[in-house]
2 protein chains.
Amino acid sequence: MPHRDESVEIIQRELTAFARRARASAARMHPELSLVSYTLLSHLEDQRGCRATDLAAHYLLDKSTVSRQIATLERLDLVERRVDPDDQRVQVLHLTAAGRETLAQVAARRHAAFQERLADWNEDDLAGFAAQLLRYNAAHDSSGGA
Amino acid sequence: MPHRDESVEIIQRELTAFARRARASAARMHPELSLVSYTLLSHLEDQRGCRATDLAAHYLLDKSTVSRQIATLERLDLVERRVDPDDQRVQVLHLTAAGRETLAQVAARRHAAFQERLADWNEDDLAGFAAQLLRYNAAHDSSGGA
DNA sequence: CCATGTGGTTGTAGAGTACAACTTGAAGGA
DNA sequence: TCCTTCAAGTTGTACTCTACAACCACATGG
């Protein structure tokens with residue numbers, strides 16, 4: 001059984017290796033929806049709509065970046081804006097029907113890709129891995145960082 | 001205990017969440033060395049020198065991208081090129097002393113950050129997590145993809 | 001000695017991102 | 001009421017990362 005330091009070293013290296021490839025692989029697999037666009041659309045679906053500022057805060061992005069991303073998604077008819085009647089400054093963002101559909105297609109392909117890569121894992125291993133990732137990311141959400 | 005599909009869904013979502021933040025966080029933590037530069041330097045250290053083509057193949061990058069990255073690292077005096085006497089086309093890349101030092105500093109800070117985020121994990125959990133990440137990435141290395 | 005292949009660089013273009021300056025609307029106090 | 005201050009979002013600008021294509025230099029095998 002390896003020592004703490006070795007394990008931390010491996011976790012660091014392997015998570016980094018994954019991160020390094022994720023963007024490029026996502027671009028190759030789904031040229032029509034970048035990793036960022038995909039995550040923004042997912043967030044909109046999960047939250048059933050939210051503000052650009054919320055997206056920026058959640059994903060540690062500059063508001064100008066989000067503004068341009070949303071503009072692109074709107075041009076593609078995947079997202080629509082609805083001005084908040086209670087605060088004219090606010091635009092609540094929602095998926096369009098086309099946005100929901102595109103997201104579902106890409107999500108399905110991504111899911112299939114992960115299924116394939118995890119095909120030879122048994123149910124317990126999968127559950128354990130999922131739990132550890134949740135735990136790791138939960139710490140991040142509260143403290144920020146790597 | 002969750003079902004296969006749920007676990008795969010969670011793994012997909014959490015790994016994506018990590019990837020989404022990795023680059024930005026790395027840039028914030030180590031403005032002097034981007035995630036890509038860091039991984040290239042690490043590889044050079046592990047391999048005790050290699051060719052630009054090898055880096056491109058390993059990291060799924062275009063050779064022009066690697067060429068420019070290396071040019072930058074050379075300008076910063078972190079990397080040096082040595083023409084292979086057996087093949088004048090080949091430049092074997094090596095870390096300089098400064099490169100080794102910079103890499104060590106950034107690696108130490110990254111390691112400390114990971115240590116902190118994993119501080120409340122016990123040794124067995126760490127070892128388990130490390131093993132699962134290794135297994136996951138090993139599948140990737142052979143099949144490519146996400 | 002030429003044809004073909006490999007290692008690497010350069011030109012060009014596009015995505016993603018940040019920072020700063022600005023516009024518009026909201027909220028609160030003198 | 002009016003003015004100040006703050007929050008949401010957009011736009012101008014610049015820089016990095018990246019890919020693709022065209023190219024150069026060297027190597028290798030007929």
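- Distance, A:Leu55 CG to D:dG9 C1': 13 Å, rounded to whole Å.
- With sequence neighbours excluded, the residues forming a ring-ring contact (aromatic ring centres under 6.0 Å, His included) with A:His43 are A:His58, A:Tyr59, listed by chain and number.
- Nearest-nucleotide assignment on DNA chain C puts the 5′-proximal partner with B:Gln91, out of B:Gln91 and A:Ser37.
- Linking Ile, Leu, Val, Met, Phe, Trp and Tyr residues whenever their side-chain heavy atoms come within less than 4.5 Å places A:Leu93 and A:Leu76 in a single cluster.
- Under the 4.5 Å side-chain heavy-atom criterion for Ile, Leu, Val, Met, Phe, Trp and Tyr, A:Phe18 and B:Leu61 are members of distinct hydrophobic clusters.
- Closest heavy-atom contact between A:Val83 and A:Gln88: CG1-O, 3.9 Å.
- A:Ser42 pairs by the side-chain hydrogen bond (donor to acceptor under 3.5 Å, both in side chains) definition with nothing, not counting sequence neighbours.
- In this structure a side-chain-to-backbone donor-acceptor pair under 3.5 Å is present from A:Thr96 to A:Asp77.
- Residues of residues 76-83 of chain A that place a heavy atom closer than 4.0 Å to DNA chain C do not occur.
- Scored by the side-chain hydrogen bond (donor to acceptor under 3.5 Å, both in side chains) test, A:Asp84 finds no partners at all (sequence neighbours excluded).
- With side-chain heavy atoms closer than 4.5 Å counting as contact, directly or through intermediates, the hydrophobic cluster containing A:Val90 also holds A:Val92.
- Boundaries of the chain B contact region on DNA chain C are C:dG5 to C:dA18, first to last in 5' to 3' order (nucleotide atom under 4.0 Å from a heavy atom).
- For B:Tyr38, the ring-ring contact (aromatic ring centres under 6.0 Å, His included) test picks out no residue, with sequence neighbours left out.
- For the segment residues 61-75 of chain A, the set of residues with a heavy atom within less than 4.0 Å of an atom of DNA chain D comprises A:Lys63, A:Ser64, A:Ser67, A:Arg68, in numerical order.
- Of the possible donor and acceptor atoms, one in the side chain of A:Arg4 sits under 3.5 Å from a partner among the backbone N and O of B:Trp121.
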Using a 3.5 Å cut-off and no angle test, enumerate the donor-acceptor pairs between side-chain atoms of residues 97-107 of chain B and protein atoms at least two apart in sequence or in another chain.
from	atom 1	to	atom 2	distance (Å)
B:Thr102	OG1	B:Ala98	O	3.0

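- For DNA chain D, the neighbouring residues in residues 46-54 of chain A, judged by any heavy atom under 4.0 Å, are A:Arg51, A:Ala52, A:Thr53.
- Cluster annotation: A:Phe114 is not connected to A:Leu33 through the hydrophobic network of ILVMFWY side chains, with a link wherever side-chain heavy atoms come within less than 4.5 Å.
- Judged purely by atom type and a 3.5 angstrom limit, A:Thr16 uses its side chain to pair as donor or acceptor with the backbone of A:Gln12.
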Identify each atom pair where a protein N or O and an N or O of nucleotides 26-30 of chain D are less than 3.5 Å apart, giving names and distance.
from	atom 1	to	atom 2	distance (Å)
D:dA27	OP1	B:Gln88	N	3.0

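- Looking at residues two or more places apart in sequence or on another chain, you find no side-chain hydrogen bond (donor to acceptor under 3.5 Å, both in side chains) involving B:Arg68.
- Side-chain heavy atoms closer than 4.5 Å link hydrophobic residues (I, L, V, M, F, W, Y) into clusters, and following such links, even through other members, never connects B:Leu40 to B:Leu35.
- As a whole-Å value, the separation of A:Leu93 CG from D:dA8 P is 13 Å.
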